[in-house]
S.K.: 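The structure follows.
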Amino acid sequence: MNTKSIDYQLFSHEIIQWYRANPRDLPWRGTLDPYQIWLSEIILQQTRVAQGLPYYYKFVNAFPSVRDLALASEEEVLRLWQGLGYYSRARNLHACARFVWHELDGKFPNTYEKLLLLKGVGSYTAAAIASFAFGEVKAVVDGNVFRVLARYFGIETDIATGKAKKEFEALANRLIPVDQPAEFNQAMMDFGARLCTPKNPDCPSCPLQQSCFAYQQGMVKDLPVKINKTKIRERHIHYYVIRCGDKWVWKRRAKGDIWEGLYDFPQVEGDLKSEKMEISFPESEFEAKKIPKSYRHILSHQRLNAVFSEVEVSEENMQNLEDWAEEQGYQLVEEQRIEYLAKPKLIVNFLRDQGF
DNA sequence: GTCCCGGTCC
DNA sequence: GGACCGGGAC
């Protein structure tokens with residue numbers, strides 16, 4: 001860190017001044033309702049505002065209060081979350097709403113420490129709710145804050161480490177003014193999202209340029225330091241789309257893999273993109289028709305290569321199919337109910353190509 | 001296509 | 001520290 005004496009007040013003052021002139025107009029700002037603030041923060045975890053915004057509207061519309069969310073089913077919540085990714089957020093959101101409604105008399109915890117005990121609420125989200133809804137003096141540290149502080153103060157600690165988390169939280173909590181914690185937190189995030197951006201930050205119009213370590217040292221593009229060592233796993237999946245009459249065979253994905261709780265199809269997975277990945281039916285031989293188009297679906301840590309085969313089962317084999325599905329833990333779903341299943345993006349894309 | 005972005009949990 | 005998603009910039 002820059003060891004020259006640090007003017008904490010100058011930094012905080014300038015950030016807040018900048019924010020007052022350049023606030024983002026977001027629907028959850030201006031409310032003090034912890035439910036709406038919590039909802040927006042969970043949706044925005046790992047998600048850009050532009051992507052999260054339509055989901056925020058869908059959710060406040062469908063579930064205007066924590067009670068409405070608590071009384072919904074998990075399937076309903078997952079379906080509304082469909083396409084947003086990181087589905088554990090939706091499962092935790094629902095579990096948390098139930099907890100608040102049934103165990104806490106519908107009242108959100110009102111301190112940072114108590115908020116931290118909620119599922120899906122970590123240090124960032126707890127600080128956000130505590131400061132925005134309850135005026136607690138607790139600094140948020142998200143990706144924006146890491147970047148702004150690393151650049152301005154010249155901190156070279158790898159932000160992927162636990163050490164960095166402690167270090168940046170300590171610094172942010174020294175910077176946050178006791179008389180306007182919420183405004184400071186909003187300001188830091190907006191400043192990082194709109195001016196001090198990851199690529200091509202707008203240094204020429206930055207009010208902190210003169211005292212910014214990175215700018216003065218020509219290190220803006222080198223900070224923050226983030227050592228990415230996530231290795232990407234390649235997977236090959238052969239999906240079987242099995243139909244009988246107007247019923248389709250679906251599989252609810254289990255714990256311990258991607259897309260937990262969402263629906264896709266019976267599948268076989270192989271190391272190579274072998275044509276040999278075949279699903280085994282009990283007795284009858286059903287013909288699988290390969291769909292020519294293959295799909296590549298990229299996650300942060302996996303590359304999925306998916307192919308699909310269609311299996312048309314004649315109606316006289318319905319009972320046979322039902323028995324087999326039951327035994328395998330699959331579900332038969334009528335065609336008109338498919339749109340209500342929560343499905344991964346890959347499956348939504350596939351269905352779209354099939355005309356659904 | 002390739003690279004980059006981001007909170008919480010286990 | 002690694003697993004968890006999808007989209008946007010280039």
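For the numbers below, each heavy atom of this structure counts, side chains included, while hydrogens, waters and symmetry mates do not. Order of the sequence lines sets the chain letters (A, B, ...), proteins ahead of strands, with each chain counted from 1. Here the structure is a predicted model, which is why all the values come from computation and not from measurement.
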S.K.: I want to confirm an ordering. Mapping A:G120 and A:Q51 to their closest nucleotides on DNA chain B, which one lands closer to the 5' end?
M.R.: A:Q51

S.K.: Counting any heavy atom closer than 4.0 Å, what does A:G162 reach on the DNA or RNA strands: base, sugar-phosphate only, or nothing?
M.R.: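 Here A:G162 touches no strand at all.
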
S.K.: I'd like to know if A:E312 pairs up with A:K289 as an ion pair, taking the criterion as any Lys NZ or Arg NE/NH1/NH2 lying under 4.0 Å from an Asp or Glu carboxylate oxygen.
M.R.: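 Answer for the salt bridge query: no.
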
S.K.: Can A:F191 and A:L208 be said to form a side chain to side chain contact (heavy atoms under 4.5 Å, CB included), step by step?
M.R.: CA-CA 11 Å; A:F191 186 80; A:L208 288 160; 4.2 Å; yes

S.K.: Take the protein atom CZ of A:R253 and the nucleotide atom C1' of C:dC4, then report the distance between them rounded to whole Å.
M.R.: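 It is 12 Å, rounded to the nearest whole Å.
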
S.K.: Respond yes when some side-chain nitrogen or oxygen of A:H301 is under 4.0 Å from OP1 or OP2 of C:dA3, and no when none is.
M.R.: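 Checking C:dA3 against A:H301, no side-chain N or O comes under 4.0 Å of OP1 or OP2.
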
S.K.: Classify A:D257 by what it touches in the nucleic acid, base, sugar-phosphate, or nothing, heavy-atom distance under 4.0 Å.
M.R.: sugar-phosphate

S.K.: Does a side-chain N or O of A:T125 approach OP1 or OP2 of B:dT8 to a distance below 4.0 Å, or not?
M.R.: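 Yes, A:T125 has a side-chain N/O under 4.0 Å of OP1/OP2 on B:dT8.
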
S.K.: Give a yes/no on whether any side-chain N or O of A:N92 is located under 4.0 angstrom from OP1 or OP2 of B:dG7.
M.R.: no

S.K.: Any base atoms under 4.0 Å from A:T47, or only sugar-phosphate, or nothing? Heavy atoms, all strands.
M.R.: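 Since no nucleic acid heavy atom lies under 4.0 Å of A:T47, the category is nothing.
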
S.K.: Spell out yes or no: do the side chain of A:Q45 and the base of B:dG7 have one donor N/O and one acceptor N/O closer than 3.5 Å?
M.R.: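 Donor-acceptor pair under 3.5 Å: no.
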
S.K.: My understanding is that only one of A:R252, A:R253, A:R91 makes a side chain to side chain donor-acceptor pair (under 3.5 Å) with A:E260; could you say which?
M.R.: A:R91

S.K.: Is a donor-acceptor pair below 3.5 Å formed from side chain A:S300 to base C:dC5, judging by atom type as modelled?
M.R.: yes

S.K.: Consider only side-chain N and O atoms of A:Y239 and A:D264, and report whether a donor and an acceptor are under 3.5 Å apart.
M.R.: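 Yes, A:D264 and A:Y239 have a side-chain donor paired with an acceptor closer than 3.5 Å.
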
S.K.: How do A:P198 and A:A126 order along DNA chain B: which one's closest nucleotide is nearer the 5' end?
M.R.: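 Its nearest nucleotide being more 5', the pick is A:P198.
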
